[in-house]
> 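Pasting in a structure now, in structure tokens, and then I'll have a few things to ask.
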Amino acid sequence: MSTHASLRGLAARAPALAAWLDTHAETLDTDATHCGEVVPQLATAGLLRIGVPTELGGAGGTIGDAIDSVADVAEHSFAAAFVLWGQRTFIEYLLQSPNQGLRDRLLPALLSGELAGATGLSNAMKYLSAIEPLQIRAADAPGEHGASGKPAWQVSGGLPWITNLRKQGFVAAAAADHEAGGPPSIFAIAHDAPGVTRSDDLDLIGLRGTNTAALQMTDTPLTDDDRITDNAPAWLVRVRPAFLGLQCGMSLGLARRSLAGTDEGGPGARAAVADEVAALSEQLDTLRARLKAGVAQGDFIETPARLFELRIALADVVHGAATLEVQTGGGRGYLRGLSGVARRQREAAFVPIVTPSLVQLKNQLAAQRAQQLKTGTAS
Ligand SMILES: Cc1cc2nc3c(=O)[nH]c(=O)nc-3n(C[C@H](O)[C@H](O)[C@H](O)COP(=O)(O)OP(=O)(O)OC[C@H]3O[C@@H](n4cnc5c(N)ncnc54)[C@H](O)[C@@H]3O)c2cc1C
């Protein structure tokens, strides 16, 4: 799909959603007025069911189709794409969870948009890369095994950043270390579980319509019925390609939109950057194809470094595209409300910092290269 063809994609397939996003993109970035409407809007357009098997209530298709849907939304509103990422990634956790009961219980409301899904796994991803310890602890709750007689815990700790904590109701995925030892678990934590507190929205410079807040748990009772996996490290390695692939969808869409924005400059400005725009567009198409093929074939489970390289390359394209859009937009881009140029600058600023961050990945790749040199396995 070429850069410009795709800009018509969402408008053709989900015109009501595309129009809603275009109308509210600025507000979704600058305040929380419409934050409760994003998930229902995405659900009404059918986007939450993409890549979910039909027998589970989905629309069928692949995770690659879901990545494209995140990209399509990001062309119109990065904030909405980030919400879609959170919701669709949580849905993916359930699809890849061995806990069928949990899937049956939560999936229908997540697919219909009645319930918001939030993924608080930055901490777990950083833990996996030995950057920080897990921030949540699960203490065994002896003798309190619930009606089912299954293992039960009391969970305490906090996560400083989680998106899609929709005030009308959410469930959040979080990793917890067991005080009794053994591999950490990942739990689905309901907004109304005892001891769960959501902070006010964080005072962000952008993406303010995304229901981003901190989450605190104090002696929150959970049982095995709430557990997405009992082996977080092994499970995360398998889920990471979908997690990161969907996240890369945000970069794909944003870069595409900025490149298309260079068309809105005058003929002289367009001519000046034409070669750079063509090169970035081509790079973007190549990266998208590699991303989708790698996720579809499961390559990135065994060789995550290839996925990390794609994420870094995409962030570079986003940066380059946003810069070209500024250059061609001229002074108009510096005036409030006249174009999306300033918003896309703020949106682009988020791309390098979302976990796994660019500096994190660069260090991981460097460590891997050093290890390969030591063992003589460098290619
Ligand atoms: C608007 C917004 C929404 C967010 N939504 C979510 C969400 O939904 N879910 C979620 O889980 N998180 C979310 N986050 C968190 C985000 O994904 C990052 O984890 C967070 O911004 C980085 O954490 P920090 O600032 O505490 O990094 P710090 O720990 O202060 O580190 C700074 C940077 O250095 C890197 N770094 C630190 N130590 C090392 C090391 N040893 N080697 C290499 N690199 C290192 C970090 O990765 C980071 O990029 C959100 C953040 C923002 C700003």
Side-chain angles (χ1 to χ4, degrees), residues 28-32 35 38-39 70 74 77-93 116-136 157-166 170-176 184 186-189 191 198-217 228 232 236 239-240 242-244 246-251 254 304-305 308 311-312 315 343 345-371:
L28 286 172
D29 191 55
T30 55
D31 71 52
C35 67
V38 182
V39 171
V70 174
S77 161
F78 196 76
F82 194 31
V83 168
L84 175 56
W85 170 79
Q87 182 88 9
R88 185 58 186 80
T89 303
F90 192 99
I91 288 169
E92 193 62 27
Y93 295 160
T119 159
L121 295 191
S122 281
N123 174 225
M125 292 282 172
K126 286 161 100 178
Y127 164 85
L128 202 60
S129 303
I131 289 180
E132 64 185 23
L134 290 179
Q135 289 157 5
I136 299 175
L159 296 169
W161 307 90
I162 310 194
T163 296
N164 209 20
L165 296 182
R166 192 167 175 263
F170 62 81
V171 60
I186 295 178
F187 291 103
I189 299 169
H191 67 109
R198 178 206 193 276
S199 73
D200 288 339
D201 284 355
L202 301 178
D203 192 10
L204 305 173
I205 63 151
L207 302 176
R208 292 175 71 96
T210 58
N211 275 311
T212 298
L215 197 64
Q216 188 69 37
M217 276 74 64
I228 295 174
L236 279 171
V239 175
R240 185 166 49 190
F243 174 100
L244 251 176
L246 290 163
Q247 196 189 79
C248 285
M250 293 163 54
S251 296
L254 179 56
F308 298 170
R311 154 118 171 85
I312 293 169
R343 169 168 53 84
Q345 284 287 304
R346 289 192 296 277
E347 294 172 345
F350 182 62
V351 169
I353 59 174
V354 64
T355 294
S357 71
L358 254 60
V359 284
Q360 174 183 340
L361 294 177
K362 284 175 180 174
N363 269 3
Q364 269 179 256
L365 291 173
Q368 191 180 344
R369 274 194 297 273
Q371 181 64 25

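Both counts, for ligands and for their atoms, begin at 1 and track the order of listing.
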> Lys362 near ligand 1, heavy-atom distance under 4.0 Å?
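Distance cut 4.0 Å: Lys362 fails for ligand 1.
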> Heavy atoms, side chains only, cut-off 4.5 Å: are Asn211 and Arg198 in contact?
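Asn211 vs Arg198: side chains touch.
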> Return yes or no for this condition: an N or O of Ser122 is under 3.5 Å from an N or O of ligand 1.
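Yes: some nitrogen or oxygen of Ser122 is under 3.5 Å from one in ligand 1.
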> Pick one of side chain, backbone, both or neither for how Lys126 approaches ligand 1, counting any non-hydrogen atom pair under 4.0 Å.
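It is the side chain that touches ligand 1; the backbone stays farther off.
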> Which of these, Ala130, Ser357, Ala173, Ala367, has its nearest heavy atom closest to atom 47 (O) of ligand 1?
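Residue with the shortest heavy-atom distance to the ligand atom: Ser357.
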> Give me the atom names and distance for the closest heavy-atom approach of Ala305 to Leu365.
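Looks like CB-CD2, 3.6 Å.
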> Apply the side chain to side chain contact (heavy atoms under 4.5 Å, CB included) test between Leu202 and each candidate in Thr212, Leu207, Thr163; give the one that qualifies.
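Among Thr212, Leu207, Thr163, the one meeting side chain to side chain contact (heavy atoms under 4.5 Å, CB included) with Leu202 is Thr212.
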> Provide, to 0.1 Å, the distance between atom 8 (O) of ligand 1 and the closest protein heavy atom, together with that atom's residue and name.
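So the nearest neighbour among protein heavy atoms is Thr163 N, 2.9 Å.
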> Side-chain contact, heavy-atom cut-off 4.5 Å: Leu236 with Tyr127?
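Side-chain contact under 4.5 Å: no.
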> State, to 0.1 Å, how close Ser129 and Gln360 come at their nearest heavy-atom pair, and which atoms those are.
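Looking at all heavy atoms of both residues, the shortest contact is OG-NE2, 3.3 Å.
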> Minimum heavy-atom separation for Glu92 to Ala242, with atom names?
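Heavy atoms only, the tightest pair is CG-CB, 3.7 Å.
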> Would you mind checking which non-hydrogen protein atom is closest to atom 6 (C) of ligand 1, with the distance to 0.1 Å?
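Result: Trp161 O, 3.7 Å.
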> Which residue supplies the protein heavy atom nearest to atom 43 (C) of ligand 1, what is that atom called, and how far is it?
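Nearest protein contact, heavy atoms only, for atom 43 (C) of ligand 1 is Asn363 ND2, 3.0 Å.
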> Does atom 30 (O) of ligand 1 have a protein non-hydrogen atom under 4.0 Å from it?
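There is no protein heavy atom less than 4.0 Å from atom 30 (O) of ligand 1.
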> Below 4.0 angstrom, counting only protein heavy atoms, does anything approach atom 25 (O) of ligand 1?
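Answer no: nothing from the protein, no heavy atom, is under 4.0 Å.
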> Examine distances only and state if a side-chain atom of Arg208 and a backbone atom of Leu204 form a donor-acceptor pair shorter than 3.5 Å.
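Yes, because the side chain of Arg208 sits within donor-acceptor range (under 3.5 Å) of the backbone of Leu204.
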> How close does the nearest protein non-hydrogen atom get to atom 2 (C) of ligand 1, and which residue and atom is it?
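That would be Phe350 CE1, 3.4 Å.
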> Write out the residue and atom name of the closest protein heavy atom to atom 9 (N) of ligand 1, then the distance separating them to 0.1 Å.
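Nearest protein contact, heavy atoms only, for atom 9 (N) of ligand 1 is Thr119 O, 2.7 Å.
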> Return yes when Gly120 approaches ligand 1 closer than 4.0 angstrom through a heavy atom, no otherwise.
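In this structure, Gly120 qualifies as a contact of ligand 1 - some heavy atom is under 4.0 Å.
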> Taking Asp29 for its side chain and Arg343 for its backbone only, find out whether a donor-acceptor pair lies under 3.5 Å.
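No, Asp29 side chain to Arg343 backbone: no donor-acceptor pair under 3.5 Å.
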> Atom 19 (O) of ligand 1: which protein heavy atom is closest, and how many Å away?
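The answer is Thr355 OG1, 2.5 Å.
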> Students should be able to answer this: which protein heavy-atom is nearest to atom 37 (C) of ligand 1, and at what distance?
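Here the nearest protein heavy atom works out to Ile131 CG2, 3.7 Å.
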> Checking contacts now, so for atom 35 (C) of ligand 1, which I'm interested in, is there any protein heavy atom under 4.0 Å?
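Yes.
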> Taking it one step at a time, do Gln364 and Leu128 satisfy side-chain contact (heavy atoms from CB on, under 4.5 Å)?
CA-CA 11 Å; Gln364 269 179 256; Leu128 202 60; over 6 Å; no
> With heavy atoms under 4.0 Å as the rule, classify the contact between Asn164 and ligand 1 as side chain, backbone, both or neither.
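Neither part.
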> Under 30°, 30 to 60°, or over 60°: which ring-plane class applies to His191 and Phe170, parallel, tilted or perpendicular?
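Tilted: the ring planes of His191 and Phe170 meet at 30° to 60°.
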> Can you tell which part of Thr212 has a heavy atom less than 4.0 Å from ligand 1: side chain, backbone, both or neither?
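Looking at Thr212 and ligand 1, just side chain atoms fall under 4.0 Å.
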> Quick one: does any side-chain atom of Trp85 pair with a main-chain N or O of Leu244 as donor and acceptor, under 3.5 Å?
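Not confirmed, Trp85 side chain does not pair with Leu244 backbone.
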> Please list, in number order, the atoms of ligand 1 under 4.0 Å from a heavy atom of Leu204.
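Per the distance check, 1 (C).
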> Atom 21 (O) of ligand 1: which protein heavy atom is closest, and how many Å away?
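I find the closest protein heavy atom is Ile353 O, 3.9 Å.
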> Hey, mind stepping through Asn164 and Val39 against side-chain contact (heavy atoms from CB on, under 4.5 Å) and telling me if it holds?
CA-CA 9 Å; Asn164 209 20; Val39 171; 3.4 Å; yes
